[in-house]
Amino acid sequence: MKHLLKLQDLTQKEILEILNMADQLKFEKKNGIAHPLLAGKTLGMIFQKASTRTRVSFEVGMYELGGYALFLSSADLQIGRGEPVQDTARVLSRYLDGVMIRTFSQKEAEDLADYGSIPVINGLTDYAHPCQVLADLMTIREIKHSFAGRRLCFIGDGNNVANSLIVGAIKMGMEVSVACPEGYRPDAGVMKWAAQNGSFTCTADVLEAAEGADVLYTDVWSSMGQEKEAAAKRKAFEGIYQINDRVMEAAGSDAMVLHCLPAHREEEITEKILEAHAAEIFEEAENRLHAQKAVMVKLMGEN
Ligand code: CP
Ligand code: NVA
C-alpha cells in the first residue's frame with residue numbers, strides 16, 4: 001500500500017490491518033501510552049474545501065505520532081493561482097514525508113500521487129472519502145463486533161461517502177442496500193463492482209432498503225461544491241430520504257446509526273434520531289483520529 005486514494009485499491013487484509021492498528025492506537029491513547037511512530041516526519045494537508053473533522057484529526061493525529069502537520073489552504077498555495085498539481089507534487093515531495101489532499105476531482109488526488117514520490121492520502125474528493133469509511137468500519141466493528149453477513153443501509157445522495165462506504169462494506173463481507181432517488185445514484189462503476197463482488201441493491205424505496213438493517217447511514221443531500229444544485233436536490237430528497245422513526249422501525253430495534261457529519265437536522269436525519277444515536281455518531285467522529293493515525297503509520301512509518 002503506497003497511497004490511500006480510494007478503497008478499491010486496498011485488500012480486505014490491508015483494511016483489517018488498518019482497523020487493528022487503529023484499535024491498538026485508540027487503546028494506547030486512552031491508557032496514556034505514547035506512540036511516537038512518526039517522530040520527525042511531516043505531513044502536508046492541502047484543503048480546497050472546508051473541514052472540521054478531517055483537518056483537526058489529521059493535525060492532532062500527526063502530533064500524537066510525534067510528527068508535524070502543515071495546514072495548506074489552497075487559497076494560499078500557488079495551486080490556487082493555477083500552478084499545476086503535477087509541479088506542486090514534485091515540489092512537496094522534496095519537503096514532506098506525506099501529503100493529505102481534500103479537493104474536488106479524484107484525478108487531482110491521483111495526479112498528486114503519480115507525479116510526487118511520497119504517500120498521498122485522499123481526505124475527500126467528489127468521488128471518494130476513504131478515511132471516513134475506515135473510521136466507519138472501525139465503529140461498526142466496535143459496536144457490532146463483526147462484519148460478515150451484517151446489513152448496512154445507506155439512505156440519501158449517492159455521493160463520495162456512499163461510494164466509499166459501498167466498497168468498504170462489501171470488501172468486509174457486509175450486505176449493502178442503498179436508497180436514493182433516480183438520478184442521484186452512487187457511481188455506476190462502484191455499483192457494478194459491488195453487485196459482482198457481494199450482496200448489493202439500489203432502490204428508490206427507503207423502507208425496502210432499511211428492512212432488517214444492522215447499520216443505517218446517511219449524509220447530507222448536497223455536498224460541498226453542489227451549492228447550485230441544492231434546490232433541485234432538496235426537491236428530489238425532501239420528506240423521503242431521511243433516517244426517521246419509520247425507517248428505524250423497518251430496520252429493527254438494535255440497528256445502529258452512523259452519519260459522517262456535518263448533519264442537517266430534519267433533512268437527511270431527524271433531530272430525534274441523531275440525538276438518540278449520538279453515542280455512535282460521535283464515536284464515529286472520534287474514530288477518524290485513530291483510523292487516520294493507523295493509515296499514516298502504514299504509509300509513512302518505518303516498515
Ligand atoms: N466527515 C468529515 O469529513 O468532516 P469534515 O468535513 O469536517 O472534515
Ligand atoms: N458528502 C459530504 C461529506 C462531508 C464530510 C461532502 O462532500 O460535502
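Counting starts at 1 for both ligands and their atoms, in listed order. When a residue number appears, it is its place in the shown sequence, counting from 1.
The protein non-hydrogen atom at the shortest distance from atom 7 (O) of ligand 2 is Asn160 ND2, 2.9 Å. When only non-hydrogen protein atoms are considered, atom 2 (C) of ligand 1 lies nearest to Arg288 NH1, 3.2 Å. For atom 6 (O) of ligand 1, the nearest protein heavy atom (residue, atom name, distance) is Arg102 NH1, 2.8 Å. The protein non-hydrogen atom at the shortest distance from atom 4 (O) of ligand 1 is Arg53 NE, 2.8 Å. Of the protein's heavy atoms, Asp219 OD2, 3.6 Å lies nearest to atom 3 (C) of ligand 2.
In this model, a donor atom of one side chain and an acceptor atom of the other lie less than 3.5 Å apart for Thr125 and Gln106.
By the neighbour-count criterion of 12 heavy atoms within 6.0 Å, atom CZ of Arg246 is sparsely surrounded, having that number or fewer from other residues, nucleotides or ligands. Heavy-atom contacts from other residues, nucleotides or ligands closer than 6.0 Å to CD of Glu275 number more than 12. Taking a 6.0 Å sphere around CZ of Phe27, one finds it holds 12 or fewer heavy atoms contributed by other residues, nucleotides or ligands.
Counting atoms of ligand 1 from 1 in the listed order, those under 4.0 Å from a heavy atom of Leu261 are 1 (N), 2 (C), 4 (O). Under a 4.0 Å criterion applied to the non-hydrogen atoms of Met224, ligand 2 contributes the atoms 6 (C), 7 (O), 8 (O). Of all atoms in ligand 1, listed by their number and element, those nearer than 4.0 Å to a heavy atom of Thr52 are 5 (P), 7 (O), 8 (O). For ligand 2, the atoms sitting less than 4.0 Å from at least one non-hydrogen atom of Asn159 are 1 (N), numbered in the order shown with element in parentheses.
For the pair Phe104/Gln48, a side-chain contact is recorded, criterion being any heavy-atom separation below 4.5 Å from C-beta on. The shortest side-chain heavy-atom distance between Val161 and Tyr217 falls under the 4.5 Å cut-off. The shortest side-chain heavy-atom distance between Leu38 and Asp97 does not fall under the 4.5 Å cut-off.
Polar contact check, Leu124 against ligand 1: no nitrogen or oxygen pair lies under 3.5 Å apart. In terms of polar-atom proximity, defined here as any N/O pair under 3.5 Å, Ser223 does make such a contact with ligand 2.
At least one heavy atom of His129 sits less than 4.0 Å from an atom of ligand 1. Residue contacts with ligand 2 include Leu261, since one of its heavy atoms falls under 4.0 Å from the ligand.
A pairwise comparison of heavy atoms in Asn163 and Pro186 identifies OD1-CB, 3.4 Å as the closest pair.
Using a 4.0 Å cut-off between heavy atoms, Gln132 contacts ligand 1 through its side chain alone, with no backbone atom that close. Only side-chain heavy atoms of Leu124 come within less than 4.0 Å of ligand 2; its backbone N, CA, C and O stay farther off.
Ring-centre distance between Tyr184 and Phe237: below the 6.0 Å cut-off.
Cys153 pairs with exactly one of Leu216, Thr201, Asp214, Val206 by the side-chain contact (heavy atoms from CB on, under 4.5 Å) rule, that one being Leu216.
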